[in-house]
Amino acid sequence: MIHRIEIVTAPRHTDPRGEWVRHHAQMFSGLKLAAVRTCDVYAFDSEAIAAGRGRSGHDGKLEAETLHDLGGELFADPILHEVYADGGALERIGFDWYVEVGFLPGVTDNLGRTAKESLQYRLGSGWAEGHQVHSATGYFLTGDLEPEDVARLAREWLANELIQSTLIMAKGEVAGCRDKLFRLPRMELTAPVRVETVTLGDRAAMEAISESRLLALNDEEMAAIQSYYARDAVRRARSAAGLGPDPTDVELEVLAQTWSEHCKHKIFNAEIEYTDEQGRTEIIRSLFDTYIRGTTDRVREAHGERDWCLSVFVDNAGVVKFDDDWSFVFKVETHNSPSALDPYGGALTGIVGVNRDPFGTGRGAELLFNTDVFCFASPFHEAPLPPRLLHPRRIYEGVRLGVEHGGNKSGIPTINGSLTFHERFLGQPLVFCGTGGIMPASLGGRPSHEKWVSPGHRVVMVGGRVGKDGIHGATFSSRELDERSPVSAVQIGDPITQKKMFDFLIVARDRALYTAITDNGAGGLSSSVGEMATFCGGAEIHLDRAPLKYPGLQPWEIFISESQERMTLAVSPDHIPELLELARAMDVEATDLGQFTDSGYLRAWHDGRVVLLLDMDFLHHGVPTMRIKARWQPPIPHEPNSPATEDAGAVLIALLGRLNICSKESVVRRYDHEVQGASVVKPLVGVADDGPSDAAVIRPVLESNRGLAVAHGICPRYSDFDTHAMAGCAVDEAVRSLVAVGADPEQIAGLDNFCWCDPLPSPTNPDAEFKAAQLVRAAQALAEVCEAYGVPLISGKDSMKNDYVWEGRRLSILPTLLFSAVGIVEDVRRCVTMDVKAPGDGVYLIGDTRREMGGSEYHAHLGVSAGDVPRVLAHQARHWYRALAGAIRNGWVRSAHDCSDGGLAVALAESAFAGGFGMDLRLGELAREEGLSSDELLFSETPSRLVVTVASQHIDDFEAHLDGLPCHCLGHVSESARLRITGDSGETWLEVSLADLKAAWQETLREM
Amino acid sequence: MKTLILSGFGTNCERETALACRLAGGAEVEVRHITEIYRADPQGRLTLDAYHFLVLAGGFLDGDDLGSARACANRFRYLSVPGGGTFLDQLVGFIRSGRLVLGICNGFQLLVKLGLLPGLAEGQGRQQATLAPNANGRFEDRWVRLAPDSASSCVFTRGIEGIELPVRHGEGRLIGEDDGLVAGLMERGLVPLRYALEDGTPTEAYPHNPNGSPHGAASLCNATGTVMGLMPHPEAYHRRTNHPRWTRMDDTGDDGDGLRIFRNAYEHLANADFAAA
């Protein structure tokens, strides 16, 4: 018998969740509601509570009073809530419409799981195996709504139909619909569990197989698979294992995941024929080898003995030396496609997923911080949307909340991030999540960044159970999004299950109970076991030993499921009993699935039969090299002139309020940025704790004064002009931001995350060659600027299919490179923040300004699309970065702020209002020297520039130190609360009060 | 004097809390996992007997599912310890013996939901108050100024005249089962810290009061002052450089003000004489 416990906020208390719905429905969906009350529903089958414990009635029914008691004891807050049972809430609470949102079968239900645990504590052992508690949220709506209004409200604000079910009842319908309240979303898989053999057939047949199974394999890849199965040696080995000549579904699925763009980065490893605008053609054999790994090799060589890279491109994350005793680990990932379909679950899974990368690097790092960078279309977007796309505002809300829950509940501070807006992110948002970690340099006498696997070591899966969630995630993200994108690719992460797993794993690591660890992310077990097996040359696992969320999964599903919160370990047989006992004691599931071998094969069993046998070499190296044509033609004609405006002050106010510049405080504050106690420079700084910090600084080892600065650069607005400029500016911005807070420019490392639109030709993608050329140029710029700055790349990732296709049309994102960077701070007590500190301090601009208005916020504001795009001259800038770092080390610099979006005027305004003091500046001479108009000097986005303030007693030292470099004295910090900029003869260019500047900057996203 | 900090199931401030304890003079500071309370093997089982100071650190116990700290309160109240009784029974004994308990943020929420604050005598183990969702419905991380009640007998706030600390919570609005509860506790000196304006005046105004707590109440203690819970995080201000405006302030040494709360605990313990737990 199904029962429900319903917990409702008592009417005398405010119901923030209901208020949120009321507000959003009115503001953004135009639906007026008088009131919204909400309730939490916990539903379960009383069969779960074993008979004879005195709490169930004679016929298995639970008495209403008992349910009421359980709800009151376990689920309700006695001060805030009322408790009802079995639909009682619907009888006692006034409403016009009731909407109940539950999960679809098989979707992770964290609240239900916690509720079940509490019932188990209360009822002792009386809980039958296999039963769950299912949570749902009820909304009591009061207001004059038509049925279609309620359906729209539910669709737009309450539920996501991909993962949730919605039940809607009008007041009068409740009696007739009562039985609908008593249904549990049980996962019942009825198809027989079996292994299918797939006949490959001709080219058309293979294409159909790839399409229908969502394998995302192309013709060449299918042909390679076919010729593998035709090999004599393969046939003999298969026959010996009891397998026929044709592939099993398990094998095909595993090959598809392993060979997916997501896992194999085929485009970055392709052979590219690149033709530039002069018609010169060159062959690039692997962008990755040439521009990424190659750059790191050259930079490391140049650093010589000062090289601080420990493990790059070989593990789940990059590792560099923090000091003699500690190693630092960093990885940034994207989770774009899932976030487009389910913003909350996609982003939550993105953040808890990337947490497992540093944890799965070497023998495991403890997690220090998260970073997050989002690219969205405007939340105020008004035009109609293509089918299936969610409104950018919903994506914004969902992603923000997903990262809030993923980061905060994991106890990992979110210390750095940004939001970038452009209409081209309508088809696909970009959600970048990064995690840094730290591990002792050595564990048990061996460097901690090393892992090893010997034949005979056991394969142990730890953490969550395997379900149907996240099937085909890797291949799904290797295709563009379309109207039919699969639901199964969406998962919901659970930070608490993961935290419990990490608590256990750190103890196991320190007791040396395992020798290798990796995460189960894309491709699931097939990927983690397959990768670890390369250390020793093979593995064999028993799929039927994997613990399942519910019975009935097919063997191939078990092998490739991306169910969350799982890691795979290699464990010496001697340590198995201790490891399993420790897991049991710490309430974590750990299962011995098989062993690592040196057989040269990956082998999987199910139910006593071999269901997969793949040659390791073919699995990992058999994918054919892709060949891509790339042709570059500068898209926007050279047009150096820029329109002038009448009132620079008004333009500045307008720029400060633009989405890409305005304050993101409403998001930043909702992320815990100082848990773990390491915070030194926070995301918000200044006299009122609200100025925009350039970079975060933490003290990773709390007992030490050595610090780590973290920043990033992202400039997709420049991509339409030239991705070379876009990528160069991203690297420069990240490096400059680190220098601004006091990092050592000689000790900076970077991570590249490319998010691109598909560079492969297809009927809907006629300009693929141009997109491929954009990719080449971005990779070239990345290499050039990193080499000039001496910044090794230590890790990265690419996501190549960020397009939305519908009705033969294609919406492609702006090609985007996120460059994340970390730098060493020798002594955190020397750090500098961006806010001006005291009147009388000198104000300086470091760096040259050129007429580079193309893609600027100034041009976007004026609706101009021409201009020269900003370009980085890294070989020059490196000298002033070093000089500035020296000045900061000597304690001469009171504030430093990077000039980026919006140019010099925006940087000056931000430093001034963050510090609470005005500025009196004279810029005429500088404009004349640089040959620029006032608007050009104020709003050009030339990179590599910083605004710095210096106390009067240090001005002589500071100026002498930067002698010969472009360092321009602009004026001084003033007592007055105004930003005043004049020309040569004292004529006013701009004069605005700090209050007005700050108000404009804070208004745009304040209520988001 | 031994200090115990409980960890696991979503706590996340145990490391800096342990550091704050050590920096404040704690000699033996142990971080132990909640699952150790329930170990079948008596050798490996954690009990409170050996400790003098218990810190319930901040975090997201059980993910805040069922409301902050509710699921862990259910665990401590109902799940049997293999040696007999529940962990709540042990906590009651620990408090009755005069030992110190400090609940920070999620730890404060746990103490309130276990009925251990405002106090055992006040509620007879019943939950009398709660930390409701913030008035603006948002989780927020921001620094606040706190004004202590100089008349309070609270051990932890002795001699403190004003202190700035960060809050990082979504459920921090302290309300009682009836409207007069918090006012009554204030009169008895059981609200040792209140959110305050720059000049030290307690306030209900956002953002100085980040959650809308009536009377600006940010913490509670029991009648003997040996158990305190507070929403702000003293352990998060263990160094000068933790302060958001430290680059604008004079260098007064490396210590952060938050350590004063822990120092008070150790000073009290150095002079205390306990009854058996």
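Proteins come first, then strands; the chains are lettered A, B, ... in the order of their sequence lines, and each starts at number 1. These figures come from a predicted structure and were not determined experimentally.
For A:Gln1002, the side-chain hydrogen bond (donor to acceptor under 3.5 Å, both in side chains) partners are A:Asp690, not counting sequence neighbours. Applying the side-chain hydrogen bond (donor to acceptor under 3.5 Å, both in side chains) criterion to A:Thr114, with sequence neighbours excluded, gives B:Asp65.
At a 4.5 Å heavy-atom cutoff, A:Asp40 makes no contact with chain B through either its backbone or its side chain. Contacts between A:Lys837 and chain B at a heavy-atom distance below 4.5 Å involve backbone atoms as well as side-chain atoms. Only the backbone of B:Thr11 comes within less than 4.5 Å of a heavy atom of chain A; no side-chain atom from C-beta onward does. With a 4.5 Å cut-off on non-hydrogen atoms, A:Ala838 does not touch chain B at all. Only the backbone of B:Ala129 comes within contact range of chain A, with heavy atoms under 4.5 Å apart. In this structure, no portion of A:Asp15 lies under 4.5 Å from any heavy atom of chain B. Contact of A:Glu366 with chain B is made through the side chain alone, with heavy-atom distances under 4.5 Å. Contacts of A:Val836 with chain B are made by backbone atoms alone, with heavy-atom separations under 4.5 Å and no side-chain atom involved. With a 4.5 Å cut-off on non-hydrogen atoms, B:Arg70 touches chain A through its side chain but not through its backbone. For a residue to count as touching a neighbouring chain, one of its non-hydrogen atoms must lie under 4.5 Å from one of that chain's; by this rule A:His405 does not touch chain B. Residue B:Arg173 touches chain A through its side chain alone, counting heavy-atom pairs closer than 4.5 Å. Looking at A:Arg894, there are no atoms closer than 4.5 Å to chain B (heavy atoms on both sides), in backbone or side chain. Contact annotation for A:Glu703: both backbone and side-chain heavy atoms come within less than 4.5 Å of a heavy atom of chain B. Proximity to chain A (any heavy atom under 4.5 Å) is restricted, for B:His243, to the backbone atoms N, CA, C and O. With a threshold of 4.5 angstrom between heavy atoms, A:Gln676 approaches chain B through its backbone and through its side chain. Interface residue B:Glu140: backbone and side-chain heavy atoms are both found under 4.5 Å from chain A. Neither the backbone nor the side chain of A:Arg17 comes within less than 4.5 Å of any heavy atom of chain B. Both the backbone and the side chain of A:Arg829 have a heavy atom closer than 4.5 Å to some heavy atom of chain B. Within the 4.5 angstrom heavy-atom criterion, only backbone atoms of A:Tyr671 (N, CA, C, O) approach chain B. For chain B, no part of A:Val507 is nearby; none of its heavy atoms comes within less than 4.5 Å. Heavy atoms closer than 4.5 Å to chain A are found in the side chain of B:Arg239, but not in its backbone. Heavy-atom distances place both the backbone and the side chain of B:Arg142 under 4.5 Å from chain A.
Here CG of B:Asp62 is found 11.0 Å from CG of A:Leu111. Values are rounded to the nearest 0.5 Å.
Counting only heavy atoms from C-beta outward, the side chains of B:Trp246 and A:Thr833 never approach each other to under 4.5 Å.
Among residues 175-183 of chain B, the residues having any heavy atom closer than 4.5 Å to a heavy atom of chain A are, in sequence order, B:Ile175, B:Gly176, B:Glu177, B:Asp179. Along residues 250-258 of chain B, the residues that come nearer than 4.5 angstrom to chain A, judged on non-hydrogen atoms, are B:Asp254 in order of number.
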field: Chi angles and distances behind the side chain to side chain contact (heavy atoms under 4.5 Å, CB included) call for A:Asp587, B:Tyr38
entry: CA-CA 10 Å; A:Asp587 200 17; B:Tyr38 300 100; over 6 Å; no
- request: Step by step, work out the side chain to side chain contact (heavy atoms under 4.5 Å, CB included) result for A:Arg122 and B:Asn74.
  value: CA-CA 8 Å; A:Arg122 182 69 187 86; B:Asn74 290 340; over 6 Å; no
task: Tell me, with the steps shown, if B:Phe60 and A:Lys499 meet side chain to side chain contact (heavy atoms under 4.5 Å, CB included).
output: CA-CA 10 Å; B:Phe60 269 91; A:Lys499 193 148 189 0; over 6 Å; no
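For the set B:Leu66, B:Asp41, B:Leu61, the count of heavy-atom pairs under 4.5 angstrom toward chain A peaks at B:Leu66.
In terms of heavy-atom proximity, A:Leu80 sits nearest to B:Pro133 at CD1-CD, 4.0 Å.
Between B:Gln127 and A:Asp77, the side chains place a donor N or O and an acceptor N or O closer than 3.5 Å (distance only, hydrogens not considered).
Between B:Asp64 and A:Lys409 there is no salt bridge, since no side-chain N of the basic residue sits under 4.0 Å from a carboxylate O of the acidic one.
Checking each of B:Cys13, B:Cys105, B:Pro166 against A:Val675 for a side chain to side chain contact (heavy atoms under 4.5 Å, CB included) leaves exactly one that passes, namely B:Cys13.
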